**Student:** 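After the structure tokens below, expect a handful of questions from me.
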Amino acid sequence: MEILLTGGAGFIGSRIAAQLVAAGHGVRVLDALLPAVHPSGRAPRLPPGVRFRQGDVRDGALVEEELRGVDAVCHQAAMVGLGLDLDDAPEYVGCNDLGTAVLLAAMARAGVRDLVLAGSMVVYGEGSYRCGVHGAVAPGPRRVGDLDAGRFEPPCPECGAPLAPGLVGEDAAVDPRNVYAASKVAQELLASAWARACGGRVLTMRYHNVYGPGMPRDTPYAGVASLFRSALARGEAPRVYEDGGQRRDFVHVADVAAANVAALGAVAGRPPGSARAYNVGSGEVHTVGAMAAVLARASGGPAPVVTGRYRLGDVRHVTADSTRLRAELGWRPRVGFAEGMAEFAGAALRRDSGSSGR
């Protein structure tokens, strides 16, 4: 296949490009190389045979030109992270939602009907919870008073009792709790509308906490693994928010790239007008505090410091049920938590300070 890979110069995108080339596909990378993300203004080293073009996915004419002769699109270009405050909202919507809309419109004009979209577990908000009395429940918004008092676990909205967290499946209702999450929900809805309107097919890969070599360093938009690794590289202790008990699913970037390759091989077999989402997680649940401790030990650095600080837009627990991806696409994670963190502890980070291009 000939594949247009947007954001292909980024952390995840560049790994997808390498795996696609290894699988024998033709790859065209379109990446804006924004200065905040690529300070040198130069494209990273991509595998031989990859055609690179610098450009913004919001440039419809450019995108349409790049779509000529393409069989499928793998859309990774995005502004990522939590969103520091509402002042970030226009940039998130512009990069993620307008960019996706321009791409979809160009695909409709060019007759390209197969799309693999980079999604995120943030669309779920809080994960899956059960109350011993009321069964499956959705926690309400986090309250500043509770967080200030160190009460981080969400209570049952019906009776206030403690809740048991579980795995969240793709059929769970979306409940975005911050600006970035809202933009990712909008991306999925736009792609679904496009598929219905033009007979397209879209598979959305809802990434959980991706980590691995090549993550950007020293940026508030990066994932927590990168923030901890950056601190250790400076000889500082990782600073863990809340009490460190937040449950997450940390999945290696090589496994995420493999999931995208599997999706690109399967999307053409889906019914026209269809959209389907897949959780991309390792299947292993670890707390943020435990991850910081493992990474610190592997790095030979100082032990983590639990700060009790919080961000209101964070969620307490969200972990993936990736059964659907395994059953339908035959994907399996290959990199275990201990192995992956040991590799990550010794790997170089990209000296990026921004957020676009996964």
Side-chain angles (χ1 to χ4, degrees), residues 10-12 15 36-37 39 80-85 121-122 127 142 146-153 165 178 180 207-256 281-319 333 335-355 358:
F11 166 51
I12 297 175
R15 292 298 286 262
V37 186
V80 302
L82 174 64
L84 301 183
D85 52 45
M121 54 84 177
V122 297
R142 302 180 103 192
D146 287 341
L147 299 173
D148 285 342
R151 295 189 294 270
F152 301 117
E153 294 291 340
N178 55 61
Y180 170 59
Y207 304 152
H208 283 249
N209 289 71
V210 186
Y211 74 97
M215 287 191 86
R217 65 173 292 175
D218 298 324
T219 163
Y221 295 93
V224 66
S226 176
L227 294 177
F228 292 166
R229 178 68 179 78
S230 296
L232 289 163
R234 299 191 299 269
E236 301 171 4
R239 298 183 63 79
V240 179
Y241 276 24
E242 300 183 20
D243 60 359
Q246 309 94 306
R247 290 160 55 99
R248 296 291 187 269
D249 184 324
F250 298 97
V251 58
H252 194 276
V253 64
D255 288 330
V256 172
S282 70
E284 299 183 47
V285 176
H286 299 274
T287 66
V288 171
M291 184 273 287
V294 168
L295 193 57
R297 285 195 299 270
S299 302
V305 174
V306 177
T307 68
R309 295 182 62 190
Y310 64 86
R311 296 186 297 185
L312 194 59
D314 272 334
V315 298
R316 180 62 177 176
H317 305 299
V318 56
T319 52
V335 184
F337 179 77
E339 172 193 355
M341 286 295 166
E343 176 202 29
F344 185 46
L349 297 177
R350 290 171 52 166
R351 291 185 174 275
D352 297 339
S353 57
S355 52
R358 299 188 70 99

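What you are looking at is a predicted structure, and each value in this text was computed from that prediction instead of being measured.
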**Student:** Do D249 and T319 meet the criterion of a side-chain donor-acceptor pair at a distance under 3.5 Å?
**Tutor:** no
**Student:** Quick test of your reading of the model: are D255 and R15 salt-bridged, counting only N-O distances below 4.0 Å?
**Tutor:** no
**Student:** How far apart are the closest heavy atoms of S282 and P333, and which atoms are they?
**Tutor:** O-CG, 3.6 Å
**Student:** Distance check, rounded to the nearest 0.5 Å: D243 atom CG versus F152 atom CZ?
**Tutor:** 6.0 Å
**Student:** Are Y211 and V224 close enough, and set up right, to give a side-chain contact (heavy atoms from CB on, under 4.5 Å), and what steps lead you there?
**Tutor:** CA-CA 9 Å; Y211 74 97; V224 66; over 6 Å; no
**Student:** Considering non-hydrogen atoms only, spot the tightest contact between A342 and A298 and give its length.
**Tutor:** CA-CB, 4.2 Å
**Student:** Would you say the ring centroid of F250 lies under 6.0 angstrom from that of H286?
**Tutor:** no
**Student:** Looking at R247, is its backbone amide N or carbonyl O close enough to the side chain of H317 to form a donor-acceptor pair, meaning the two atoms are under 3.5 Å apart?
**Tutor:** yes
**Student:** Judged by atom type as modelled, is there a donor-acceptor pair below 3.5 Å linking the side chain of T307 to the main-chain atoms of R309?
**Tutor:** yes
**Student:** Looking only at non-hydrogen atoms, find the nearest pair between G245 and T287 and report the distance.
**Tutor:** O-CG2, 3.8 Å
**Student:** Please report the closest heavy-atom contact between G340 and H252, naming both atoms and the distance.
**Tutor:** CA-CD2, 4.1 Å
**Student:** Check the pair Y207, V251 against side-chain contact (heavy atoms from CB on, under 4.5 Å), reporting the backbone distance first and the verdict last.
**Tutor:** CA-CA 8 Å; Y207 304 152; V251 58; 5.8 Å; no
**Student:** Nearest heavy-atom pair of A292 and V240: which atoms, and what distance?
**Tutor:** CB-CG2, 3.8 Å
**Student:** Report the distance from atom CE of M291 to atom CG of N209, rounding to the nearest 0.5 Å.
**Tutor:** 7.5 Å
**Student:** Under the side-chain contact (heavy atoms from CB on, under 4.5 Å) criterion, do Q246 and Y241 qualify, and how do the steps go?
**Tutor:** CA-CA 9 Å; Q246 309 94 306; Y241 276 24; 4.3 Å; yes
**Student:** Over all heavy atoms of both residues, which pair between L295 and M341 is shortest? Give the atoms and the distance, please.
**Tutor:** CD1-O, 3.8 Å
**Student:** Nearest 0.5 Å, what's the CG-CG distance between L312 and N178?
**Tutor:** 10.0 Å
**Student:** With a 4.5 Å cut-off on side-chain heavy atoms, are H208 and V256 touching?
**Tutor:** no
**Student:** For the atom pair CZ (R311) and CD (E242), what is the distance rounded to the nearest 0.5 Å?
**Tutor:** 9.5 Å
**Student:** Using only atom types and a distance under 3.5 Å, with no angle test, would you say the side chain of R229 pairs donor to acceptor with the backbone of A347?
**Tutor:** yes
